[in-house]
J.: 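Structure provided below as C-alpha cells; questions to follow.
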Amino acid sequence: MVSVGAADHADFASPGPGWAEQNPRDWWRACQLAVRKMLQQSQVDPAHIACVGLTGQMHGAVVLDAKKEVVRPAIIWCDQRGDDEIQHFSRQFGAERLIRVACNPGLTNFTLTKLLWIRQHEPQNWERIRSIMLPKDYIRLCLTGDAATDVADASGTLLLEVAKRQWSSEILSAAGIPPEWLPALFESSAITGAVSAEAAELTGLKPGTPVAAGAGDQAAGAVGMGIVRPGSVSVTIGTSGVVFAATERPALDPGGRLHTFCHALPNRWHVMGVTQAAGLSLRWFRDRFGAGEDHLNDDGRDPYARLADEAAQSPPGAEGVFWVPYLMGERTPHLDPKARGAWLGLLATHGRPHMIRSILEGVAFSLKDSFSIFEELKIPVETIRLGGGGARSPLWRQIQADVYGREVELVVTEEGAAYGAAILAGVGANHWNSAEEACEAAVRVSKRIAPVPASAALLQQNYKLYRRIYPALRSIFQ
Ligand code: XUL
C-alpha cells in the first residue's frame, strides 16, 4: 500500500488567507523514500508484493501540462479561496440541480472549485492544462504512467454523478472542462496498471507489480476500520475530523450539509460530515503555544500526550470554556468558509488546562453535529469506531464516548487509510473475493469505551449550548 500526500503529517504552504497548497513533486519524492524504507525495514521481497494499493488526501487539484509536468502547486482539500467562483457556478447551474446530479452542493473544498479559481485568476496556467488529477492519482501516474482514479475519490471532485458512478457530462460542459482532461474511472479494487521500469528503479518495487485503483483517505480509512455495512459508523480525527457511515444507496441530504459519495465497494455509498480543523485545532495550539509547561525541555515525550495530561487537570466541561474549531472555515453543518475559530466563556481563573480540554470537547461537539444530521435523515448508527491520531489519546476517546453518549470501539490496526488501501489491493489481487470478506478476516476490535454517566450528562448539556454559538457569532464572522 502507498498512502500518499496525507496532509495530516505534512505542512502546507498558505500564500494567502485560507489558501492551502502543496507541491505534487514533494509527494512523489516522499513516496519513493517511504517505499524504499518500508522494503528495507520489513525485508519483504518485492517479488512477493501481489498488488500496490493507493490512498491519499482527497479533493486536491493537481494540474498537468501536455508533457504531464505540474503546471502549478496543487490546491489542496482545505483551501477556501474559491468561494466566489463556486457560488457563481452553483447559481448558474442551479443549486438544487447540482445536488441532484452530483449528490453534493458547490463547496470551496471540492476540486471543481479550485479549477474554476485557476481559470479565473491564472489564465496563463489554465491555458497550459491538459490533464487534472487527484493527489494519490498523481502518484499512480508516476508509478505506472496511467491516468486513472476510483469512484470514491472522484466523488469529491463535484464532477461525478455519484448515484451513477460516472463523470457528469452535464457538469463538465457547464463548467467548461474538457472531458479528456479527466482520468479513467474504476472501482476501488480494480487494477488500473502496473509499476513501470522507471518507477521500479526509483522505489525498489518490482516492475510489473499491479496497482489497484484505491480510494481517498476517508473511504479507504473506513475500509481499514471495517466500515462497510449500513449501521457501521467511524469517527476519524486527523487534521480534519470525519464522521462516516456506509449506506446501501446514495443518501441525500437536501441541505447538502453531509457529503454523499461512492464508497470503495461496488454498489455501496457513504455519507460523511467533515470538521475542517479537528486535529488541526490541537496542532495549532501546540505550534502556537507549546506543548506543556516543560515544552522548552525536550523530555522525549509525545507533545500530544503532554497536552492531554494538561487537559486532564481541568474537569469535564472545562469549567464553562467552549472552543469552536472553525480555524479553516467549516463544512458540516454550516458550509461556511467565513466561519472562524473562537474561545468563549473565559474567566481570569481559567488557564491552559481549560483551554486544551475545551479544544478536545469542542472538536467532539462539532463531530456530534454530524450525528445529529444522521438522526434527522434516519441514517442508522449501530456501532461507532474511532480512528486517526485523535483515537490514540485515551482522554479524547473518553470525551468522544461522553459527547456522543454511546459506546465507541477501537480497532487493532490504527493506520486506517493505509490499511484500507492494502485491503483493497488484496481484493484486487484476488486474495479475498470482496472488501466485506476482507474486513471480516482482517479487522479486529481491540477495545470498547463506554460513556461515564456523570460527565456524559454534563457534556450533552454543554452540546446544547455549543449549538447556539455559531448562530450567535455568524454575523460577526461575515
Ligand atoms: C474529506 C477531507 C479530508 C482530506 C484530508 O472530505 O477533506 O479527509 O482528504 O485528509
Side-chain angles (χ1 to χ4, degrees), residues 3-12 18 20-22 24 27 54-62 74-80 82 102-114 133-139 149-158 160 162 214-225 227 234-245 253 256-264 269-281 283 325-333 335 337 363 366-367 370 387-391 415-418 420-421:
S3 170
V4 170
D8 284 11
H9 305 295
D11 279 334
F12 52 79
E21 302 188 349
Q22 288 178 324
W27 301 332
L54 289 171
T55 184
Q57 50 168 307
M58 303 172 67
H59 312 298
V62 177
I75 304 183
I76 68 167
W77 64 278
C78 53
D79 192 285
Q80 298 294 331
C103 282
N104 294 284
L107 298 183
T108 41
N109 306 79
F110 293 154
T111 317
L112 169 62
T113 308
K114 289 140 193 178
M133 47 191 60
L134 288 156
K136 76 169 193 322
D137 299 316
Y138 177 71
I139 297 304
T149 193
D150 64 281
V151 288
D153 211 2
S155 303
T157 61
L158 206 69
L160 196 80
V162 167
D217 56 2
Q218 295 306 329
V223 170
M225 292 166 74
I227 308 302
S234 60
V235 185
T236 305
I237 300 182
T239 301
S240 63
V242 172
V243 184
F244 183 113
D253 172 15
R257 296 159 299 175
L258 298 175
H259 301 341
T260 301
F261 288 176
C262 301
H263 202 344
W269 284 262
H270 72 83
V271 283
M272 65 182 185
V274 183
T275 292
Q276 289 271 99
L280 179 64
S281 289
R283 189 172 77 198
Y326 311 141
L327 291 177
M328 295 293 292
E330 191 53 299
R331 272 190 261 178
T332 310
L335 305 179
V363 168
S366 154
L367 293 164
S370 291
E415 266 311 317

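Whatever order the structure lists them in is the order used to number ligands and atoms, beginning at 1.
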J.: Considering the heavy atoms of Q57, write down every atom of ligand 1 situated less than 4.0 Å from one of them.
T.: 9 (O)
J.: Are any of the heavy atoms in S240 under 4.0 Å away from ligand 1?
T.: yes
J.: My understanding is that only residues two or more places apart in sequence, or in another chain, count here; which of them pass side-chain hydrogen bond (donor to acceptor under 3.5 Å, both in side chains) with H263?
T.: none
J.: Looking at every heavy atom in both C262 and L160, which two are closest together, and how far apart are they?
T.: SG-CD2, 3.9 Å
J.: Would you call the rings of H270 and F244 parallel, tilted or perpendicular, where under 30° means parallel and over 60° means perpendicular?
T.: parallel
J.: Determine the sole option in V274, V243, T332 for which the side chain to side chain contact (heavy atoms under 4.5 Å, CB included) test with L258 is passed.
T.: T332
J.: Between W77 and ligand 1, is there a nitrogen or oxygen pair with a distance under 3.5 Å?
T.: no
J.: Looking at NE2 of H259 and CG of L158, how far apart are the two atoms once the value is rounded to the nearest 0.5 Å?
T.: 10.0 Å
J.: Can you name the atoms of ligand 1, numbered from 1 with element, that are less than 4.0 Å from a heavy atom of M58?
T.: 1 (C), 4 (C), 9 (O)
J.: Could you check whether any heavy atom of D217 sits closer than 4.0 Å to an atom of ligand 1, since that is the contact criterion I want to use?
T.: yes
J.: Identify which of Q218, R331, M272 has a heavy atom lying nearest to atom 7 (O) of ligand 1.
T.: R331
